There are 2 protein chains.
Amino acid sequence: MNSGVVFPRPNPKVLADDGDELRFCSTCAFSQACLAEGMDKSALMDLHVLVEHVGPLHAGDHVFREGDPFEAIAAVRAGTVKTCTVDPEGREQVLGFHLPGEVIGLNAIHGDRYPCNAVALDTVMLCRFSFPRIAMLATRLPNLQQQLFRLMSRDIGVASLFAGNHSADERMAAFLVSFSRRLAERGFSPRRFQLTMSRTDIANYLRQAPETVSRVLRRFEQSKLVSIKQRDVEILDMPRLEAMALAVLRH
Amino acid sequence: MNSGVVFPRPNPKVLADDGDELRFCSTCAFSQACLAEGMDKSALMDLHVLVEHVGPLHAGDHVFREGDPFEAIAAVRAGTVKTCTVDPEGREQVLGFHLPGEVIGLNAIHGDRYPCNAVALDTVMLCRFSFPRIAMLATRLPNLQQQLFRLMSRDIGVASLFAGNHSADERMAAFLVSFSRRLAERGFSPRRFQLTMSRTDIANYLRQAPETVSRVLRRFEQSKLVSIKQRDVEILDMPRLEAMALAVLRH
DNA sequence: CGCAGATTTGATGATTCTCAAGCATGGTGG
DNA sequence: CCACCATGCTTGAGAATCATCAAATCTGCG
């Protein structure tokens, strides 16, 4: 398995500036979001100039590593990226899972180094943005600046989502609901989806033992909240799941 | 006790544009930080124009409330501010404590409303910055923009500091060390300081029961790690405390 | 002085972790 | 094609950390 760092050296093949790139990149949710913020066509062109399409990365590939010098942020275009730290004793701490349309690396600006690892959980495609260049561009494009502010602001809130002291059931329900909603935002089905990460990763993220995750999911299944086959999830009773998650998500 | 929202209506008395304001505001750590980032004198003047000095606020006063429309960020100049949410059942969740030199409100950009309450824990002085105006200014002053990016980026990291699944002792040690370091950054003593928040607030922040906080602190005192009289803390063995906190803080 | 709120302390209990073993699953090579 | 292995997942039993409940103590303040 290739576990090298591929992020700082984007594959030249996927950077080809062929005629399809503009259309191709219009599927990049990050650009889309900027567009939605009122950026005009020429502004979008400026963005395209500094986008690098990276990938495909495969499960286990690192997007960046903790301690690497910070150079760029990236928008996930396809697949799932896990961010995590490793403490001095080698124990991993999962910080988050990042779905298509979400941006990673924003927590590296302060410190000039990535404070965590970013690892592909499946086949991942990225849009890479040199940060100095996008920041420079943002001084000319207020909408872009505003969008960057918004993205970072949201990450602050997301990071404290699971900060509370809730039960294992509540955290798991919140995890499933949150995952479902984020998928729905990008046009995926909110009822049927695949958990691309291992039980161990979920457990770590939710501050639980993997055994607890397994037991909670089984109980959810027994109470007809969800149906689970391997990593495939079908949500059967969204209202009740949302009710359980309410204490964590607050809406 | 006055528990009204004072933030959106700064006290006119402290906004007086007398000759001392420039010197006065030079004690505002936010401006200082921007200065340190290489802003020249005229840039600083631009900042001063849009600063509003707010305060003094007293213990229990709200700086802003969850749900209030987002208009401004604020730098703490003196005192301590607690940010917290309240869930549908009325249970509070403490998100953080903010010391002089730290900025609050950055998590409100996304959503256009404050996602949490901000409450003064003691006598608090603030610098208030209209966000639309400071964002506008940031397009002209790349150093200011960069500073805002940095502040938000740091908040992402801070929010996930206590995300890990650590023991009560480790979290408390990390809390004390982190508090001490942040005070030291601003020139306060890192060995002797006052915990301006209640045990209940600390407990909530660390996901513990107040009783657990009490017991952990007593054990710390018995092992000569710290000396505690009410809310006054003296750290007696910083190396050992830092060692305990290592798993949480990672440095 | 006495009251209200905060903190401490002790006893008990429950959620969750740990340890250990069994069971699927998916890929590999014979 | 099937046995085999590695990995991840599940399940059960026992243990431990930490929360809860109850009550005493302390503190600041009117």
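The analysis underlying the following values was restricted to heavy atoms, covering all of them including side chains, and did not include hydrogens, waters or symmetry mates. Sequence lines set the chain letters: A, B, ... in the order given, protein chains first and strands last, and positions in each chain run from 1. Everything quoted here is computed from the prediction, not taken from an experiment.
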dT17(D) C1' sits how many Å from Arg207(A) CZ, rounded?
15 Å

Salt bridge Asp169(B)-Arg219(B), side-chain N to carboxylate O under 4.0 Å:
yes

Between dT16(C) (C1') and Gln208(B) (CD): distance, integer Å:
16 Å

Listed in order of residue number, which residues of residues 82-98 of chain A have a non-hydrogen atom at under 4.0 Å from DNA chain D?
none

Phosphate oxygens OP1/OP2 of dA19(D): is one of them under 4.0 Å from a side-chain N or O of Thr212(B)?
yes

Among Met238(A), Arg191(A), Glu185(A), side chain to side chain contact (heavy atoms under 4.5 Å, CB included) partner for Ser180(A):
Met238(A)

Taking only residues two or more places apart in sequence or in another chain, which ones pass side-chain hydrogen bond (donor to acceptor under 3.5 Å, both in side chains) with Gln208(B)?
none

Centre-to-centre under 6.0 Å for Phe70(B) and Phe64(B), is that the case here?
no

Starting at the 5' end of DNA chain D, which residue's closest nucleotide do you reach first, Thr200(A) or Asn165(A)?
Thr200(A)

Option passing salt bridge (Lys or Arg N to Asp or Glu O under 4.0 Å) with Lys82(A) (candidates Asp122(A), Asp61(A), Asp201(A)):
Asp201(A)

When the distance from CE of Met197(B) to C1' of dA6(C) is rounded to whole Å, what number comes out?
15 Å

Please confirm whether the backbone N or O of Leu106(B) pairs with a side-chain atom of Ser153(A), one donor and one acceptor, at under 3.5 Å?
yes

From the list dT8(C), dT18(C), dT20(D), which nucleotide is the closest neighbour of the side chain of Arg199(B)?
dT8(C)

Could you check how far CG of Asp201(A) sits from P of dC9(D), rounded to whole Å?
9 Å

Which of the following nucleotides, dA19(D), dG10(C), dT7(C), is nearest to the side chain of Glu211(B)?
dG10(C)

Find the distance Asp169(A):CG to dA14(C):P and express it as a whole number of Å.
17 Å

Here the distance between atom P of dT10(D) and atom CG of Leu195(A), to the nearest Å, is 11 Å

Out of dA19(D), dT18(C), dT9(C), minimum distance to the side chain of Ser214(B) belongs to dT9(C)

List in numerical order all residues of residues 215-237 of chain A for which some heavy atom is under 4.0 Å away from an atom belonging to DNA chain D.
Arg215(A), Arg218(A), Arg231(A)

Anything under 30° is parallel, anything over 60° is perpendicular, the rest tilted; go ahead and classify Phe179(A) against Phe193(A).
tilted

To the nearest Å, how far apart are Asn204(A) CG and dT18(C) P?
12 Å

